[in-house]
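Worksheet: one structure, shown below.
Numbers restart at 1 for each chain; the letters A, B, ... are given by sequence-line order, proteins then strands.
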Amino acid sequence: MDMQKNYDPKEFEDRLYKEWMDKGYFRAEADPAKIPFTIVIPPPNITGQLHLGHALDNTIIDALIRFKRMQGYAALYLPGCDHASIATEVKIVEQMKAEGLTKKDVGRDGFLERAWAWKEKYGGRIVEQMKKMGVSCDWSRLAFTMDENCSRAVREVFVNLYEKGLIYRGDRIINWCPSCKTALSDAEVEYSEEDSFFWHLKYPVKGSDESIVVATTRPETMLGDTAVAVNPKDKRYAHMVGKTLVLPLVGREIPVVADDYVDMEFGSGAVKITPAHDPNDFEVGLRHSLPVIRVMNDDGTMNEEAGAYCGMDRYAAREKIVEDLKACGALVNIEPHKHNVGHCYRCHSTVEPIVSKQWFVKMAPLAKPAIDAVARNKIKFTPERFAKIYFNWMEGIKDWCISRQLWWGHRIPVWYCADCGEMTVSKTDPSECAHCHSKHIHQDEDVLDTWFSSALWPFSTLGYPDKTDDFNYFYPTDVLSCGYDIIFFWVARMIFSGIEHTGKVPFRDVLLHGIVRDEQGRKMSKSLGNGIDPLEVIGEYGADSLRFSLISGVGPGNDTRYSRTKVEAGRNFLNKVWNASRFVLMNCEGMKVPPLSEIRLSPADKWIVSRLESCIREVTLNMNKFELGIAAGTLYDFLWSDFCDWYIELSKNALYGGDEGKKAATLGVLCFVLDNALRLLHPFVPFITEEIWRNIPGNEGKSIMVAEFPRYNAKLAYKKEAKAFEPVMDIIKAVRNMKTSVNCPPSKKVKLYVSVPNRRVVQANAGSVLKLAGASEIAFVESGADVAEKTMSQVTETCTVYVPLGELVDPEKERARLSAELDRILGEIARADGKLQNRGFVEKAPRALVEQERAKLEKFIGMKEKVEAQLRELE
RNA sequence: GGAGGCAUAGCUCAGUUGGUUAGAGCGCUCGCUUCACAUGCGAGAGGUCGUAGGUUCGAGUCCUACUGUCUCUACCA
């Protein structure tokens, strides 16, 4: 046994990980003799490197997986990455821009070549990072959302949904990012409140002096207006309905229509209708058969429909249009206004609602069973409150726009025929049109929303659409753990996809965690530059310290702050565990350590074994409830307080007392407790526990990774015995207490008088008491009256301890100390009193200051009385 | 507009189904070269648990209202 004085994770983490890999401990196989336990990773985007959020994901999942594996389950942690269509494409466009290239320059194939190269580089880096974290993934199953099987699943699902009429193509209002030049789903738009204006515009009625005032936050869209709507019940406008307005600047004649959509109370009660650029207006347009006039190009410039403004950027056009409206008298006024503006979640450009031909998933039929599954508890959210958020979103869900005008992703499996114009939707690449057999077909240029493939992750990674043995064994998965920020993007979509395509819910538990924030509570982001690289933390403190700090003190669903001091606290704890183990193992050298079953347990032994059992129970219970923070905290307290501070200190008497039999027995208990505690701790901090555990006598050549997780043993609970042991600790605490309170050095040996109902247990541990309390001898008494000397005493829950005053303090020294203290206090009293006697101070100084001074005076008077009393005691 | 979270020690947070004297880490004070560990040991100080009500034998915990704060969500032109 050769352990360094200080815990140094660098020395063994990489070595152990490699060993685990070599021995194949991470591999999970379909084993009929075992119960499966599966978690699929929330696949990180290949856009870059992992951050602390991923570190938290991995720590939680790995802790659960290791826990279950040790309990004998066929535990599968399935790793992989997401191609992250739009996010990656943005990165690659940036990369090309640095080289002076555009997508057009390199073409689709050239672009995809770069994308795959990117994937190789960053996907590989992510895997390396995860390995550094110590996660026990089955790397033989490493998946990628665009690998062969996932792609097959995507096509299968797309075609099936299409054939059921649940995927359709059509012109709808979608969110358009003019910078990424693609459509976005509703979930991909982030709203933020911005200061803007209401521009009130006046549209004249044709052939009349009348006009209608409408308001807009996007004046440039007025070029595409094809009506003005009023509420049918609105008496103010009743006579206007059906009349014709002349659109300023454009001169187009547009009708006034009546529609319930209009809120009479809001603004002027009249709304300009721009079907091509607003989702509500689009609906109104459908109801009134209004023309749809799109005035903007895909890049955010105005198109030929915009007439004189054609070619101008949307914001330049806005300025010019406002100017021109003002010039022609159509601008009534401008009113400051705050409103929510949607931004692209990847590039943060302002999105434009635009009418566009896209592919959609019809959501209503899919949402219903997905809602039922959660409502009927087939899927349980932890914490439960997130189920409400899920219901809220699912119940109001709209059709999902799945086509993206991007190149990196799953290309839509639809081919258009140049001859007959029909579509061929196929799982495999067709060579001819399914309708007219023409060879002149071309595939849809667009790719699918990246979340379309993520939605299939729990089954596409396990062999779907094939019903493989793996699929049958490991699916449905057990727990899905991720941040609450992707409930809509990912969790919800996996749920309805799993039910629809496999007929089963994809997982039984959804365990949500919060966001890892920086020390000041801010979200970590590139723009703030406050991101933390897990690898740097690991380099400095080791993976175990990072894991432990991420998991401790955090409940499910709660945000957490990263801080260096927290990692340090974790490291300090592990150093403590390291040294406690070093102590135990050093003492084992050259000894034959008996198993617990062969040891006659002392009261102290029974106490620590009892504490261990209750720790096992607590940890197991909390792991099962996903309360990892509580489980980790329980272990922290057990190891540091019970094991190190008490039992190890108590054991020294037996170890060093010269009785070889006692020594061996005590070592047996120390090893038993340490062995169990390490196994309990292993899911959280795999490396250090492995490094130590295999050195415990009897564990040679074995691995803690595949050792059994401790099981609560009622026979070892020793509740009564543990309770009976308490006076021993109480006596020690009481003596330490008294010594400190009178400034007596801990090393000064004092005589003790103890009044305790059960003398036997104290007697049996007298050696420990003398050592830990710093005492010379113990005498038992019935009460204080039996003690002849003048004493100081302390009453505890289980006993009363008396210490002769003369033993505690050197009367001369103590008198001198107290006199000096008294002098100082008297000086303070004089000073404060003088100040308060000064009328100028009392009247003119801030009241708080005067109060403070009064309080000080009172405090010092109190202290004076106590010290005087102590002096009298010494006489 | 709707929904939800949070509010506990100087700071960051635990507190599991309501049950003695509300805990931890860091910081602070005092004392320790105690033979595993100064990344440590021992002893402390510090909280009317956001405010006001209510339910209860009993409330940090449950209910109501309010205040502050953060977040999600929504089509108010």
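Rounded to a whole angstrom, the distance from the C1' atom of B:U8 to that of B:A59 is 14 Å. To the nearest whole angstrom, the two P atoms, one in B:A45 and one in B:U29, are 15 Å apart. When the C1' atom is used for both B:U33 and B:G40, the distance is 12 Å, rounded to whole Å. Comparing the P positions of B:G42 and B:A24 gives an interatomic distance of 13 Å, to the nearest angstrom. For the P atom pair drawn from B:U64 and B:C75, the interatomic distance equals 29 Å after rounding to whole Å. B:G47 sits 16 Å from B:U12 when the C1' atoms are compared, rounded to a whole Å. Taking the C1' atoms as reference points, B:U56 lies 12 Å from B:C63, given to the whole Å. Taking atom P in both B:C6 and B:G23, the straight-line distance is 22 Å, to the nearest Å.
Counting any heavy atom pair closer than 4.0 Å across all strands shown, A:F386 reaches no nucleic acid atom. Note on A:G633: nothing from the nucleic acid sits closer than 4.0 angstrom, heavy atoms only. Residue contacts for A:Y636: at a heavy-atom cut-off of 4.0 Å it reaches the sugar-phosphate backbone alone, with no base atom in range. Residue A:E568 is classed as having no contact, given no heavy-atom separation below 4.0 Å to the nucleic acid. Using a 4.0 Å heavy-atom distance criterion, A:D645 is classed as a sugar-phosphate-only contact. When heavy atoms are screened at a 4.0 angstrom cut-off, A:A580 is found touching base atoms of the nucleic acid. A:R571 comes within 4.0 angstrom of a nucleotide base, judged by non-hydrogen atoms across all strands. Backbone-only contact: A:W640 has heavy atoms under 4.0 Å from sugar-phosphate atoms and none from a base. Heavy atoms of A:L621 sit nowhere under 4.0 angstrom from any nucleic acid atom. Across all strands, A:Y484 comes closer than 4.0 Å to no nucleic acid atom at all (heavy-atom distances). Contact annotation for A:D485: no contact, since no heavy-atom pair falls under 4.0 Å across all strands. Within 4.0 Å (heavy atoms only), A:Y656 reaches sugar-phosphate atoms of the nucleic acid but no base atom.
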Distances under 3.5 Å between nitrogen or oxygen atoms of protein and nucleotides 44-46 of chain B:
| residue | atom | partner | partner atom | Å |
| --- | --- | --- | --- | --- |
| B:G44 | OP1 | A:N737 | OD1 | 2.8 |
| B:G44 | OP1 | A:N737 | ND2 | 2.8 |

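You'll find a donor-acceptor pair under 3.5 Å spanning the side chain of A:K576 and the base of B:C37, going by distance alone. Looking at A:Q4, its side chain has no donor and acceptor atom pair within 3.5 Å of the base of B:A36.
Checked options A:V322, A:V332, A:N333; the residue passing with A:W199 is A:V322 (criterion: side chain to side chain contact (heavy atoms under 4.5 Å, CB included)).
Between A:K739 and B:C32, a side-chain N or O to OP1/OP2 separation shorter than 4.0 Å is absent. Between A:N743 and the phosphate of B:A43, there is no side-chain N or O to OP1/OP2 separation shorter than 4.0 Å.
Two residues, A:K771 and A:V554, neighbour RNA chain B, and the one matched to the more 5' nucleotide by heavy-atom proximity is A:V554. Looking at which nucleotide of RNA chain B each of A:R385 and A:R218 is closest to, the 5′-most match is held by A:R385.
A:W693 has its ring centre no less than 6.0 Å from the ring centre of A:F12. Aromatic pair A:Y345/A:F489: ring centres closer than 6.0 Å. For A:F386 and A:F381, the distance between ring centers is not under 6.0 angstrom.
Proximity of a side-chain donor or acceptor of A:E13 to a complementary backbone N or O of A:A543 within less than 3.5 Å is detected.
Separating the CD1 atom in A:I397 from the CZ atom in A:R493 is a distance of 7.0 Å, to the nearest 0.5 Å. Summarising the geometry, atom OH belonging to A:Y712 is positioned 8.0 Å from atom OG belonging to A:S614; distances are rounded to the nearest 0.5 Å. Separating the CE atom in A:M264 from the CZ atom in A:R236 is a distance of 6.0 Å, to the nearest 0.5 Å.
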request  = Would you write the dot-bracket representation of RNA chain B, where each base gets (, ), [, ], | or . depending on whether it forms a Watson-Crick or G-U pair under 3.5 Å and with which partner?
outcome  = (((((((..((((.....[...)))).(((((.......))))).....(((((..]....))))))))))))....
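For the pair A:K663 and A:Y656, the cation does not sit on the ring face, since its NZ or CZ is not both under 6.0 Å from the ring centre and inside 45° of the axis.
A side-chain donor from one of A:Y541 and A:E568 sits under 3.5 Å from a side-chain acceptor of the other.
A parallel orientation is assigned to the rings of A:F643 and A:Y647, their planes being inclined by less than 30° (bins at 30° and 60°).
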